[in-house]
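Notes follow the structure.
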Amino acid sequence: MKAQIKTLLQQALESLKQSGALPADANPSIQVERTRDPAHGDFASNLAMMLAKAARKKPRDIAGDLLAALPASGNVINVEIAGPGFINFYLSPQAFQAVVPAILEAGDKFGHSTQGAGKRVQVEFVSANPTGPLHVGHGRGAAYGATVADLLDAMGFEVHREYYVNDAGRQMDILAASVWLRYLELAGEELPFPVNAYKGDYVWDVAAKLHRENGDRFRHGWTEIAAALPDDECDGGDKEKYIDALITQAKTLLGADDYRFVFDTGLNYILADIRDDLAHFNVNYEHWFSERSLTETGAVARAVERLEQSGHVYEKAGAKWFRSSDFGDEKDRVLVRDNGQSTYFASDIAYHMDKLERGFERVIDVWGADHHGYVPRVKAAMQAVGDDPDKLDVLLVQFAVLYRGGEKVQMSTRSGQFVTLRELRKEVGSDAARFFYVMRKCEQHMDFDLDLAKSRSNDNPLYYIQYAHARVCSVFRQLQEKQLDYDQAVGLQQLGRLTENHEQALLSSLNRYPEVLEAAALNHEPHLLAHYLRELANDYHTYYNAHQFLVEDAELRQARLALIAAVKQVIANGLGLLGVSAPESM
RNA sequence: GCGCCCGUAGCUCAGCUGGAUAGAGUACCGCCCUCCGAAGGCGGGGGUCACAGGUUCGACUCCUGUCGGGCGCGCCA
């Protein structure tokens, strides 16, 4: 509807430019919005006011010219000039009613568009290190990223969802060492567990699997291992040096193959856990991209080479540095350490180069807000090698703070005292978690009220929406019990009978859905959809309370049933895009 | 110290890329089931949009500064 009015205004604008009433170079982006106040009609445009300066005319005069030049349209029954120069449009009831057959015909595709057709978009999200289970912070990124991806999908983009697996690097070595030590303990060794190692229970689980399936194959005496270790922090030493020495010992004593076996056992165990967790969260990927593969295929080396050829790399203290400060970064960054190992940053540059080489027109990264300082250096690298940094959108997701019983749930990664995503799902359910996570703008800090998410009451916005859907289903069940019939074709013919205020409101809301979807997708703002669904459910509940649908008057009944069938479809579509179920009864 | 994000009703948050009288939910108060699910609906009170300037026909929205909260400033990932 909005698009139709924009087209009309565009045509009026062109004809005024041709007649010389407006300067030919005036090219404002035409804005049409829904009015908040019915006294202002159904839609309004501020076009005349935007043109006032360039045309050196009063807004109301321009509005008058536009109005005179406006092509006739069957859907528009009245146009008025109001206030400082708004042009208000009044649409015919038929224009609003047309959405009902459109919804019922398109079904679960209603609201979708083809504007992204032929364009490939990559969305990378979660990408948490496989050093432990996902926690509730990752959950928000998962819900947000998955929804953004699905929304773009609905806009016709070819969406490629990807999880970047950090299966290389020091953190993973620390995990491998942690697993090995727990394994040694299970094998009967007595040893002090390092300050800096992973202490979560899942490390025991991996170690147990390792011991169960391999016996004492990886066992070495602790005294032998400890012989080459410095003091740990608790003995006055450096915890970083200690854990690094321990990793070196593991590699030396186990040998490359066995070390890799222990390492991969931990990696695969945790990765399988993460995949399972996300699948239950209704989050799925086209591809799990291995960081290690970038080194193995030489992509990292090539990335460093490309940067060197661009002339933005120098050597200092035995390391290779990227002069990212040339591109707005705070300081220069190391690509290759003095020990010859490339950094995580080098891998990430290679990864982003790879993304662009794969031909994605747009690359979206969903990161935790704590990584925001990382954005400038990645864009700097893209710019240095001549790639377009604007092809990359980094969407930063703020943390969620959990509340239970009005109290903040304390979390700290250090002690392993964090709430996992799995625990959250078990406590509030996948639907509530998905919905609550995207209820807020991603850059907003979020208070996640566990009690509210769990509550089966009207306080809970998700139940409110799902209840509206279930209530429609319930009406159709009643229909059968009362031996009445529903004939959609008749209903669609009788939409003119829908003259009540509540029906008008509902028709208007249904018409908004495609616009909401487009805005939510293109701006990466799923919360718009969540809020819209709440409003649509409200319109339905209000209508439900005010009027009977299963009335004697067959034509009116068919019209009303067609309307609520459309409501049901749109709620189901919207919830589906949010990864939430639409139950037929609750 | 520097950089990024956020300050809107008691609380949790919207505010359609600068538009008309700033909106929901919740909490509080009062109503509505002989009726398709009351997990619902209707009505009421509640605001210096953190603060101070600036830009213009017009600012919650854009710019500058101040205050307050979060996060980040590794040859970790």
Side-chain angles (χ1 to χ4, degrees), chain A residues 2 29 31 33-37 39-40 44 46 49-50 52-53 58-59 82-86 88 127-129 131 166 168-172 174 240 291 316-321 330-331 333-339 341-345 347-348 368-376 396 398-399 401 403 406 439-449 452 455-461 463-464 466-468 470-479 481-482 484 512 515-516 519 523 525 527-528 530-531 534-535 537-538 540-551 564 585-586:
Chain A
K2 210 182 244 189
S29 72
Q31 291 177 30
E33 58 182 9
R34 283 170 190 276
T35 58
R36 262 192 313 232
D37 187 342
H40 300 141
N46 61 353
M49 289 179 287
M50 293 178 69
K53 188 172 276 183
K58 290 179 187 167
F86 288 103
N88 295 337
S127 297
N129 287 349
T131 52
N166 300 128
R170 184 163 172 268
Q171 297 302 325
M172 285 305 296
I174 294 176
E240 306 291 349
E291 178 190 353
K316 191 177 88 181
K320 283 187 185 173
W321 293 71
E330 292 172 342
K331 55 169 102 165
R333 310 289 174 178
V334 173
L335 294 169
V336 183
R337 292 190 266 263
D338 55 8
N339 64 9
Q341 274 208 319
S342 58
T343 58
Y344 169 83
F345 178 44
S347 296
D348 214 12
D370 53 334
H371 287 70
H372 67 82
Y374 200 75
V375 180
L396 299 168
Q398 294 286 343
F399 293 126
V401 179
Y403 284 81
M439 230 167 27
R440 307 290 175 232
K441 281 191 295 202
C442 68
E443 65 263 33
Q444 268 286 359
H445 302 121
M446 182 174 82
D447 289 346
F448 194 123
D449 187 335
L452 182 60
S455 90
R456 303 178 149 264
S457 76
N458 49 356
D459 315 355
N460 185 332
Y463 274 90
Y464 185 87
Q466 289 180 320
Y467 179 46
R471 247 183 166 180
V472 176
C473 297
S474 176
V475 171
F476 280 95
R477 283 194 295 270
Q478 278 291 321
L479 180 71
E481 286 174 26
K482 292 192 176 179
L484 293 169
R512 270 173 59 208
E515 294 160 23
V516 170
N523 300 323
E525 293 183 334
H527 74 279
L528 295 177
H531 283 272
R534 217 279 167 195
E535 287 158 22
N538 181 30
Y540 176 72
H541 287 308
T542 304
Y543 180 38
Y544 183 96
N545 261 58
H547 299 284
Q548 282 287 122
F549 308 150
L550 302 178
V551 290
I564 67 170
S585 66
M586 308 170 59

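Values in this document were obtained by computation on a predicted structure and should not be read as measured data. Here is how names work: the chains are called A, B, and so on, in the same order as the sequence lines, proteins then strands, and each is numbered from 1. Note: hydrogens, waters and symmetry copies are ignored here, and every other heavy atom, side chains too, is used.
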Can you find a side chain N or O atom of [X] that sits less than 4.0 Å from OP1 or OP2 on [N]?
| X | N | value |
| --- | --- | --- |
| A/Thr542 | B/C42 | yes |
| A/Gln466 | B/A39 | no |
| A/Arg337 | B/G74 | no |
| A/Asn538 | B/G41 | yes |

Task: Sequence-aligned protein contact record of nucleotides 7-15 of chain B, with B where the base is within under 4.0 Å of a protein heavy atom and S where only the sugar-phosphate is - done: S----SSSS

Under the side-chain hydrogen bond (donor to acceptor under 3.5 Å, both in side chains) rule, collect the residues that match up with [X], sequence neighbours excluded.
| X | value |
| --- | --- |
| A/Tyr467 | A/Arg471 |
| A/Lys320 | A/Glu308 |
| A/Ser474 | none |

Same-atom distance ([atom1]) from [N] to [M], integer angstrom:
| N | M | atom1 | answer |
| --- | --- | --- | --- |
| B/A9 | B/A22 | C1' | 11 Å |
| B/C4 | B/A20 | P | 30 Å |
| B/G25 | B/U21 | P | 23 Å |

Open item on the list: Within 90° of 0 counts as syn, otherwise anti: where does B/U55 fall?
Closed with: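 The base of B/U55 is oriented anti (glycosidic angle more than 90° from 0).
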
Task: Syn/anti state of B/C33 by chi, 90° boundary around 0 - done: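 B/C33: syn.
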
- [ ] Using the test ring-ring contact (aromatic ring centres under 6.0 Å, His included), find all partners of A/His40 that sit at least two apart in sequence or belong to another chain.
- [x]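 Scan of A/His40 (ring-ring contact (aromatic ring centres under 6.0 Å, His included), adjacent residues dropped) gives none.
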
Task: Residue list, ring-ring contact (aromatic ring centres under 6.0 Å, His included) with A/His547, at least two apart or on another chain - done: A/His502, A/Tyr543

Open item on the list: Quiz question: by atom type and distance under 3.5 Å, do the side chains of A/Gln171 and A/Thr131 form a donor-acceptor pair?
Closed with: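 No, because no side-chain N or O of A/Gln171 sits under 3.5 Å from a partner of the opposite role on A/Thr131.
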
TODO: Test for a donor-acceptor pair under 3.5 Å between the base of B/A77 and the side chain of A/Asp370, counting only N and O atoms.
DONE: no

Open item on the list: So for A/His372 and B/C5, does any side-chain atom that can act as donor or acceptor lie under 3.5 Å from a complementary atom in the base?
Closed with: no

Task: Rounded interatomic separation in angstrom, taking CZ from A/Phe399 and C1' from B/C4 - done: 13 Å

- [ ] Nearest whole angstrom, please: distance from the P of B/C35 to the NZ of A/Lys482.
- [x] 9 Å

- [ ] Classify the ring geometry between A/Tyr544 and A/Tyr540 as parallel (under 30°), tilted (30 to 60°) or perpendicular (over 60°).
- [x]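 The arrangement is tilted - the two ring planes meet at 30° to 60°.
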
Open item on the list: Categorize A/Asn46 for me: base, sugar-phosphate, or nothing, with a 4.0 angstrom heavy-atom threshold over every strand shown.
Closed with: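 Base, at least one base heavy atom under 4.0 Å.
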
